[in-house]
Amino acid sequence: MVMAQATSAVHWFRKGLRLHDNPALLDALRSAQHVWPVYCWDARLVTPQAVGVNRVQFLLQCLDDLDRRLRERQSRLTVLRGDALEVLPRFMRERQVSLLTFEGDVEPEGRARDERMLRKCHQMGVQVHSFATHLLYDPDRVIRELGADELPLSYGPFVARVTEALGAPALPLAAPPETQSFGTPDTDPQAYAVPRLEELEAYRGMTATTPLKGGETTALAVLGAFLSERRDEARQFSKPHTSPTAFEPASTTQLSPHMALGCLSARLFYYRVQELHPLRRPPVSLIGQLWWREFFTTVAYATPGFHSMKENRLCRQIPWSADAEEQYRAWEGGRTGHPFIDACMVQLRKHGWLHHLARHAVACFLSRGDLWVSWERGRDTFDRLLVDRDYALNNANWMWLSCSAFFHQYFRVYSPIKFPQRFDKEGTFVRHFLPVLRNMPAKYVYEPWKAPLSVQREAGCVVGRDYPYPIVDHEVVSKENLAKMSEVFSRERRPMEKFAKKRPRPECVE
DNA sequence: GAAATGGTTGGCGCA
DNA sequence: CTGCGCCAACCATTT
């Protein structure tokens, strides 16, 4: 069958904000003479309630960078304002576009939107080519090859079975060269420009405070620098041994926001890191981190209602406090009276980023460790404030830390005092993010309420006046909560039992 | 099917 | 500095 050559195509950017390793973009360029690179900006979805100002800035930087790189290729990014399902079909109709390409989304809302766009395109007679390039492997293919009922729910078997069934990930593709013709027809530069933060009505008066900078150019530079300047670290990388209290520089790559938005291709990361061999092995290695992303995203992809305790079949039902507004507010606002927890929450708000282990500590504290608040609330806070917000990773890790799924050793409780002391005896991290504790002696910096009043006065930080009293006594509540968890585990049905697997036994063949 | 094993990243007391 | 048992008996997977 001979396919009619599409003369005009739109490549629709959503995640996958990059030119390198972008098969959907290359497909548009191959199939059409005129290619519009398009991004849809829906002001109804980008509000301070849903997306913190730090992430908005990061996203806008990504779009600016894309636009810049496209202009180097005599093209540009066309930003359409409004609901993608309205504005994109209209745009395509007006310009007689006959092909739409994009990277298929992996999260539920994005998948539903893609599905609706696909139907609209069918009605309009527009071809759609979508590519599964957010992960190392196409999750549909992984699920098909392994079987939806056979998808391992633990990391090791997942990595082993995917590798065994699918082999090495596909090699990353190069970006279109600067000589590549996009043939993008002129569009009104004012109407379709990348928005500037200052012009967003909903964010009026807000200023981003994150040092993280978005965009493919930055992502590639950060990766390159980490792999060359911190080569030995990259080789030896073992996540549990990196420090949650390190900042400027952080003890990890901080590439997560770029991975979340696809400024950096997972496959490029995989093969660039692989070059460093010999390497430490998963799960703790750098590539091991990428496999966690692969694992959680694929499981989330295969699990309806993944983000909901009630609807997610993998999630344990735990009777979290019904009325915990005050506790939750104190946690979110960094006013728990536990300096490490509060400092982490300040860093989260300020930088839109926390070290993975710091996320563990605050997540454990909010949920099963101390405050007994549902992981869904903490998840919402992270969703809003994290620059690297990722549907699957955020939900999975909250379930992990709250012992709702994936992780079950509920007697392992993070201490808001002992845990940070392992990494930062002096309290440098806490002093930086909570300047009120700057002069507190190291002995009391994680538990200032224990300092004699004279010491508090000397340090210029009197607990109850300059810094809150602890809202809970960790020693007491963590024991009480452990007992509650013990009861849940013994009394409640195990999450999977509700859905006892009825896998037909293979019949004996005569 | 029962038992053993291992599980990215706790904390404590003890040797 | 390391390792072990305990906390209380977790889950997923393998044998």
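So that the names make sense, note that chain A is the first sequence line, chain B the second, and so on, each numbered from 1.
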key: Candidates B:dT9, B:dG7, B:dT8 - which lies nearest the side chain of A:Y414   = B:dT9

ask   = Taking the same atom, P, in B:dA2 and in C:dC7, what whole-Å distance lies between them?
value = 27 Å

remark   = Picking from C:dC10, C:dA8, B:dT8, the nucleotide nearest the side-chain atoms of A:F411 would be C:dA8

ask   = With a 4.0 Å cut-off on heavy atoms, is A:F406 in touch with a base, just the backbone sugar-phosphate, or nothing at all?
value = nothing

note = Of the listed B:dC12, B:dT9, C:dC10, the closest approach to the A:K418 side chain comes from B:dC12

message = For a quick test of reading the model: is some side-chain N or O of A:R412 closer than 4.0 Å to OP1 or OP2 of C:dC7?
response = no

Axial cation check for A:F489 ring with A:R316, 6.0 Å and 45° limits = yes

Pairwise C1' distance, C:dA8 and B:dG1 [rounded to whole Å] = 25 Å

query = Base, sugar-phosphate, or nothing: which does A:P244 touch, judged by heavy atoms less than 4.0 Å apart?
reply = nothing

request  = Could you tell me whether the side chain of A:R368 and the main chain of A:N481 form a donor-acceptor pair under 3.5 Å?
outcome  = no

task = Assess the side chains of A:H355 and A:T242: does a donor N or O sit below 3.5 Å from an acceptor N or O?
result = yes

ask   = Does A:R412 count as lying over the ring of A:F407, i.e. NZ or CZ under 6.0 Å from the six-ring centre, within 45 degrees of the axis?
value = no

key: A:F365: which of A:H338, A:H474, A:H360 passes ring-ring contact (aromatic ring centres under 6.0 Å, His included)   = A:H338

inquiry  = Applying a 4.0 Å non-hydrogen cut-off, can you work out what A:W400 is touching in the nucleic acid: base, sugar-phosphate, or nothing?
reply    = base

Distance-only donor-acceptor test, A:H356 side-chain atoms vs B:dT9 base atoms, 3.5 Å = yes

ask   = Just to confirm, is there a sub-4.0 Å distance from OP1 or OP2 of C:dT13 to any side-chain nitrogen or oxygen of A:S154?
value = yes

task = Determine the contact category for A:R422: base if any of its heavy atoms lies under 4.0 Å from a base atom, sugar-phosphate if only primed atoms, P, OP1 or OP2 are that close, otherwise nothing.
result = sugar-phosphate

inquiry  = Applying a 4.0 Å non-hydrogen cut-off, can you work out what A:H360 is touching in the nucleic acid: base, sugar-phosphate, or nothing?
reply    = base

inquiry  = Of the options C:dC10, B:dT8, C:dT13, whose atoms approach the side-chain atoms of A:R316 most closely?
reply    = C:dC10

